[in-house]
Amino acid sequence: MAPIELNHFINGEWIPGEGKELVSTSPTRPSDVVASGHYATSEQVEAAITAAHEAKRHWASQPMAARADILTKAADIIRSNAEDWGRELSLEEGKTLPEGIGEVNRAAAIFDFQASEAIREAGVIYHSPRPGERIEVVRTPVGVVSMITPFNFPIAIPAWKAAPALIHGNTIVWKPAHAVPLLAVRITQALEQAGLPKGVINLVIAPSSQAEAMLVDPRIAAVTFTGSTRVGRAIASQCAAHGIPVQAEMGGKNPAIVLADANVPFAATQVLNGAFNSTGQKCTATSRVVVVKDIAEEFTEELLAQLKERRTGDPLESGISMGPMIDATSRDNALAAVDRNAGDQSRVLAGGAIPRIPGCDGGYFLEPTVVRIDSTGNELWQEELFAPVLALLVTDNDDEAFKAAAEGDYGLSAAVFTNSLNATFDSLDHLDVGILHVNSETAGADPHVPFGGAGASGLGPKEQGRAAREFFTHTTTLYLGRQPR
Ligand code: UN1
């Protein structure tokens with residue numbers, strides 16, 4: 001396949017970058033170039049902000065139904081390209097083809113949901129304590145939104161930020177992760193074809209050094225970010241100094257808790273899905289599992305037996321359950337963390353090495369890895385690796401299991417496997433998380449429900465569902481009085 005040409009979308013025009021060369025390669029076969037072009041410069045980022053600023057008044061003045069119509073059309077376009085764009089996603093990012101296609105369809109569902117939901121109501125009317133008056137609280141767009149998105153969900157995360165931002169009347173300057181520029185181009189093309197007016201979305205594929213204006217320019221009203229806690233907090237502090245609010249969806253170290261009454265084969269499957277789907281590169285991935293000692297041996301055997309059935313390889317081939325990581329540095333860092341913290345090699349129950357995948361020379365593969373650890377002080381229990389690495393800990397009882405699961409700074413998601421109602425309530429009491437799964441894996445999100453975490457995992461209002469509008473609108477309290485006749 002000839003590489004696709006990458007351009008930026010500024011004020012309704014596709015224009016070439018004026019910065020350094022930009023080459024998007026496949027993590028499966030790094031010599032395969034997927035798309036290429038040039039990065040945007042800081043002047044081009046400025047131009048994108050100007051375009052978004054100039055477009056905001058007109059876009060905000062459109063009836064909700066007109067904006068919804070464009071989003072619905074974009075959803076149709078995205079859905080009709082699910083196979084092709086899913087393939088491109090898998091090629092560029094490295095997740096399996098079914099995951100790639102599923103993600104494109106998820107993006108379409110998000111656009112559909114936000115388009116239909118926002119039309120439901122425009123605000124709230126309150127009783128006034130004074131005669132002849134009513135009080136309305138109406139929702140107003142915030143203005144120009146900077147959107148900064150990660151590599152691991154190249155279309156779903158941009159969709160769940162862009163759809164609510166746009167439907168509520170905001171305009172966007174978007175900087176996607178440089179590893180996945182092609183999918184960013186695709187979603188922008190869908191919005192363009194759907195009839196989004198010029199300047200309403202602006203795509204700039206730029207290095208952070210050229211995009212600082214997206215965090216400090218006085219015309220920026222808000223910044224929505226997904227990525228690491230380190231970067232999210234750095235962005236938040238920079239924006240705070242300029243009075244710009246930030247919504248940041250950041251890291252996770254999500255535990256699964258397997259209690260003595262768990263259905264062991266089912267829990268093992270869910271834990272493996274949570275740990276190794278998307279190559280473990282998601283903030284919701286299960287990166288640690290705690291199992292109570294009564295069933296620890298049975299669970300561990302079952303987990304390892306099921307893991308043997310899963311194949312790592314070219315994500316575009318059928319029957320493959322895990323593709324490569326995004327780049328060599330991330331893979332090598334994960335491997336080094338395993339070596340550093342496993343202690344004795346017998347503690348590496350599975351994986352811990354780079355597999356040889358025929359036909360995928362130089363691909364950034366890492367075997368799905370399970371490490372048995374002894375203490376919650378272990379780095380593998382505390383630090384997010386963003387890799388297919390699962391730490392396994394055994395505790396004497398439920399109480400210790402909950403305590404171990406509650407350790408650490410993150411609070412995105414957790415899973416508990418049990419039939420006990422009491423244990424379910426206990427998990428709610430013990431775990432300060434944004435998402436709690438009882439008898440399902442830690443990963444996953446739905447277009448219509450709130451998504452986001454506590455502690456080091458999240459800053460600002462939740463994403464998705466109705467919650468999404470909290471960040472992309474502010475309220476105006478309107479006192480409507482009558483003049484004396
Ligand atoms: C999912 O679990 O399906 O960056 C979504 C991430 C999350 C998305 C997870 N924001 O991994």
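Both ligands and their constituent atoms are indexed starting at 1 by order of listing.
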Is there a nitrogen or oxygen of Thr226 sitting under 3.5 Å from a nitrogen or oxygen of ligand 1? no
Using a strict cut-off of 4.0 Å, indicate which atoms of ligand 1 neighbour a heavy atom of Thr284. 1 (C), 2 (O), 9 (C)
How does Phe386 reach ligand 1, by side chain, by backbone, by both or by neither, if only non-hydrogen atoms under 4.0 Å count? neither
Salt bridge present between Asp314 and Arg29 (N-O < 4.0 angstrom): yes
heavy-atom search around atom 11 (O) of ligand 1 in the protein gives Cys283 N, 2.6 Å
Ligand-side contact atoms (ligand 1) for residue partner Ala443, heavy atom cut-off under 4.0 Å: 2 (O)
On the six-membered ring of Phe472, is Lys161 placed so that its NZ or CZ lies under 6.0 angstrom from the centre and within 45° of the ring axis? no
May I ask you to decide whether Arg288 forms a salt bridge with Glu383, counting only side-chain N to carboxylate O separations under 4.0 Å? no
So, taking the atom named CG in Leu182 and the one named CG in Leu89, what distance separates them when rounded to the nearest 0.5 Å? 9.0 Å
Run the contact test for Gly444 against ligand 1 with a 4.0 Å cut-off on heavy atoms, strictly below, and give the result. yes
Within-cut-off N or O pair, Lys282 and ligand 1, under 3.5 Å: no
Short list, please: which atoms of ligand 1 are under 4.0 Å from a heavy atom of Asn152? 4 (O), 6 (C), 11 (O)
Is it true that Glu117 and Arg120 have a side-chain N and a carboxylate O under 4.0 angstrom from each other? yes
Look at the aromatic rings of Phe402 and His430 and report parallel, tilted or perpendicular, splitting at 30° and 60°. parallel
What do you reckon, does Phe151 put a non-hydrogen atom under 4.0 Å from ligand 1? no
Going by the 4.0 angstrom heavy-atom rule, the piece of Glu99 near ligand 1 is neither
Flag for Gln193-Gln189: side-chain donor and acceptor within less than 3.5 Å: no
Starting from atom 3 (O) of ligand 1, locate the nearest protein heavy atom and write down its residue, its atom name and how far away it is, to 0.1 Å. Arg106 NH2, 2.6 Å
Ligand 1 to Trp160, heavy atom cutoff 4.0 Å, flagged ligand atoms 5 (C), 8 (C), 10 (N)
Look at the aromatic rings of Phe151 and Phe386 and report parallel, tilted or perpendicular, splitting at 30° and 60°. perpendicular
Less than 3.5 Å between some nitrogen or oxygen of Glu249 and one of ligand 1, yes or no? yes
Please confirm whether Gln281 approaches ligand 1 to less than 4.0 Å, judged on its heavy atoms. no
Using only heavy-atom distances, determine whether the side chains of Glu384 and Ser287 contain a donor-acceptor pair under 3.5 Å. no
